[in-house]
Amino acid sequence: MTSRLAAVAAYAGVSEATVSRVLHDKPGVAQATRDTVLTALDVFGFPRPRPVRGERARLVGLVLPDLSNPVFPAFADVIAVSLVQRGLIPVLCTRTSDGVSEAHYVQMLLRSQVGGIVFVGGSFADAGPEQVRQLTERKLPMVLINAADENLGVPQVSIDDAAAVRDAVRHLTGLGHERIGLILGPWGHQPSMRKLTGFQGGDAELVEHTVFSVEGGRAAAGRLLDREVTGIVCASDALALGAVRAVRRKGLRVPADVSVIGFDDSAFMGVTDPPLTTMRQPVREMAAAAVSSLLAQLDGRLLVTDEITFDAELVVRGSCSPVQIK
């Protein structure tokens, strides 16, 4: 082993200690130097170090915006099981009400020498400039599911948001609805902006942006009801439940007076009052694609940064009905 270290070190023009740090995936080595050592290993026919070697590198960060939206725990559950089945240890990281941010979690994961990170419904860009720099320099395996922002060059798994909104609007128009409102997340939130493109042809004055919560949905729907909409498409099930609440506060009924469509098909949406019509995300399939991409990176296979897109499925339940002629 010593002779190998010496040969690689001499070829790369570095110390044997530096070669050892690269072999054991230790921090403190500039990326350019690390690449030179890896090239020297290739020249001498020595195997490159596997990123998942070692107990620490078996850790995989699973970063979520919150646990209040049921779709996030659903993704976390499927991904965690899949990682454990492959001998990897998921580390759940989610923003908390007392202010623990993604930046804090990412810094913690970097200190722990994790093997990779899966971001669900967030963005590694939210981690802060210093953390992004470290993630980029280390070329840490990463996958983003329904990323909140554009993250070019990072493997992504997403739902086809625009097509989903088109399907939802088509369902309502098929029931005779003409004044259809759209409730989205905050302006600039990438999945919401994609949904907005699917609303082309709809009335721009019937689009509301708000925070992803039941209360946010209630407030946004209240404004849309003042504009006499008869159908509302929402960017999440929580927003849709808020919309149902707003309809009832106006003394109206769902679906007799106003039809509501959610997004995600979260747990228990089939037993709400009324059962919620929603666009179902294929959580299991999307999670499997994300884990497959992460494993490919961990194995040192060619990184494919093309976005993998899945179709949402319209699940028709009791929150929609034909428009009432008045």
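Side-chain contact between M108 and C93 is present, with heavy atoms from C-beta onward closer than 4.5 Å. V29 is not listed as a side-chain neighbour of V37, based on a closest heavy-atom distance of 4.5 Å or more. You'll find the side chain of I261 reaches within 4.5 Å of the side chain of C320, heavy atoms only. In this structure, the side chains of R194 and V165 stay at 4.5 Å or more apart for every pair of heavy atoms. Here the side chains of L172 and S259 are in contact, with some heavy-atom distance below 4.5 Å. Side-chain atoms of L5 and L23, non-hydrogen and from C-beta on, do get closer than 4.5 Å to each other. Counting heavy atoms from C-beta outward, I159 and F263 have side chains that approach closer than 4.5 Å. For the pair E208 and R227, the minimum side-chain heavy-atom distance is below 4.5 Å.
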T230/E178 under side-chain contact (heavy atoms from CB on, under 4.5 Å): CA gap, chis, key distance, verdict
CA-CA 8 Å; T230 63; E178 295 180 354; over 6 Å; no
Worked check of side-chain contact (heavy atoms from CB on, under 4.5 Å) between L88 and L298
CA-CA 11 Å; L88 298 170; L298 291 171; 3.9 Å; yes
Decide side-chain contact (heavy atoms from CB on, under 4.5 Å) for R34 and K139; before the verdict, give the C-alpha distance in whole Å, the side-chain angles of both, and the deciding distance to 0.1 Å.
CA-CA 11 Å; R34 188 180 298 274; K139 297 183 178 179; over 6 Å; no
Run Q281 and N146 through side-chain contact (heavy atoms from CB on, under 4.5 Å) and show every step you take.
CA-CA 11 Å; Q281 291 201 61; N146 291 332; 2.8 Å; yes
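Annotation for G185 and S192: closest pair N-OG, 2.9 Å, computed over non-hydrogen atoms. Scanning all heavy atoms of the two residues, the minimum distance from A243 to A221 falls at CA-CB, 3.6 Å. Between T94 and D66, the closest heavy-atom pair is OG1-CA, 3.1 Å. V316 and H171 get closest at one heavy-atom pair: CG2-CE1, 3.9 Å. The minimum heavy-atom distance linking P155 with Q297 is given by the pair CG-NE2, 3.6 Å. In terms of heavy-atom proximity, S319 sits nearest to P274 at CA-CG, 3.9 Å.
Using a distance-only test at 3.5 Å, with no hydrogens or angles considered, no donor-acceptor pair links the side chain of R218 to the main chain of G242. When atom types are taken as modelled, the side chain of S293 and the backbone of A290 share no donor-acceptor pair closer than 3.5 angstrom. Here the side chain of H209 pairs no donor or acceptor atom with the backbone of A220 at under 3.5 angstrom. Judged by distance alone, the side chain of E16 and the main-chain N or O of A9 form no donor-acceptor pair under 3.5 Å. Using modelled atom types, one side-chain atom of S321 and one backbone atom of P255 make a donor-acceptor pair closer than 3.5 Å. Panel note: side chain T36, backbone A32; a donor-acceptor pair is recorded below 3.5 Å. Side chain of D77 to backbone of P73: no donor-acceptor contact under 3.5 angstrom is found. Listed for the R58 side chain is a donor-acceptor partner under 3.5 Å among the backbone atoms of G87.
Residue M286 is grouped with residue L83 when hydrophobic side chains (ILVMFWY) are merged at heavy-atom distances under 4.5 angstrom, including chains of intermediate members. Taking hydrophobic clusters as Ile, Leu, Val, Met, Phe, Trp and Tyr residues chained together by side-chain heavy-atom distances below 4.5 Å, V78 shares a cluster with F310. Both W187 and L182 are assigned to one and the same hydrophobic cluster, defined by single-linkage of ILVMFWY side chains at heavy-atom distances under 4.5 Å. Residue V81 is not grouped with residue I117 when hydrophobic side chains (ILVMFWY) are merged at heavy-atom distances under 4.5 angstrom, including chains of intermediate members. Hydrophobic clustering, with ILVMFWY side chains joined whenever heavy atoms are under 4.5 angstrom apart, keeps V84 apart from V60.
The residue from V323, I232, L224 that alone fulfils the side-chain contact (heavy atoms from CB on, under 4.5 Å) condition with V258 is I232. Put simply, the residue from V229, V169, L206 that forms a side-chain contact (heavy atoms from CB on, under 4.5 Å) with I180 is V169. Among the candidates L241, V244, V233, L239, the single residue satisfying the side-chain contact (heavy atoms from CB on, under 4.5 Å) test with V260 is V244. Partner of R280 under the salt bridge (charged side-chain N to carboxylate O under 4.0 Å, His left out) criterion, out of D237, D264, D265: D265 alone.
Atom-to-atom distance recorded for K195:NZ and I183:CD1 is 13.0 Å, nearest 0.5 angstrom. Atom CZ in R170 sits 10.0 Å away from atom CG in L314 (nearest 0.5 Å). Going from atom OG of S82 over to atom CG of L294 covers 9.5 Å, rounded to the nearest 0.5 Å. Here L38 contributes atom CG and T33 contributes atom OG1; the two are 10.5 Å apart, rounded to the nearest 0.5 Å. Taking CE of M269 as the start and OG1 of T277 as the end, the distance is 12.0 Å to the nearest 0.5 Å. Interatomic distance, CZ of R166 versus CE of M279, reported as 10.5 Å (0.5 Å rounding).
When the shell of 6.0 Å around CZ of R245 is examined, it contains 12 or fewer heavy atoms from other residues, nucleotides or ligands. Residue R284 places its CZ atom among 12 or fewer non-hydrogen atoms of other residues, nucleotides or ligands, all under 6.0 Å distant.
Between R223 and D226 there is no salt bridge, since none of the side-chain N atoms of the basic residue sits less than 4.0 Å from a carboxylate O of the acidic one.
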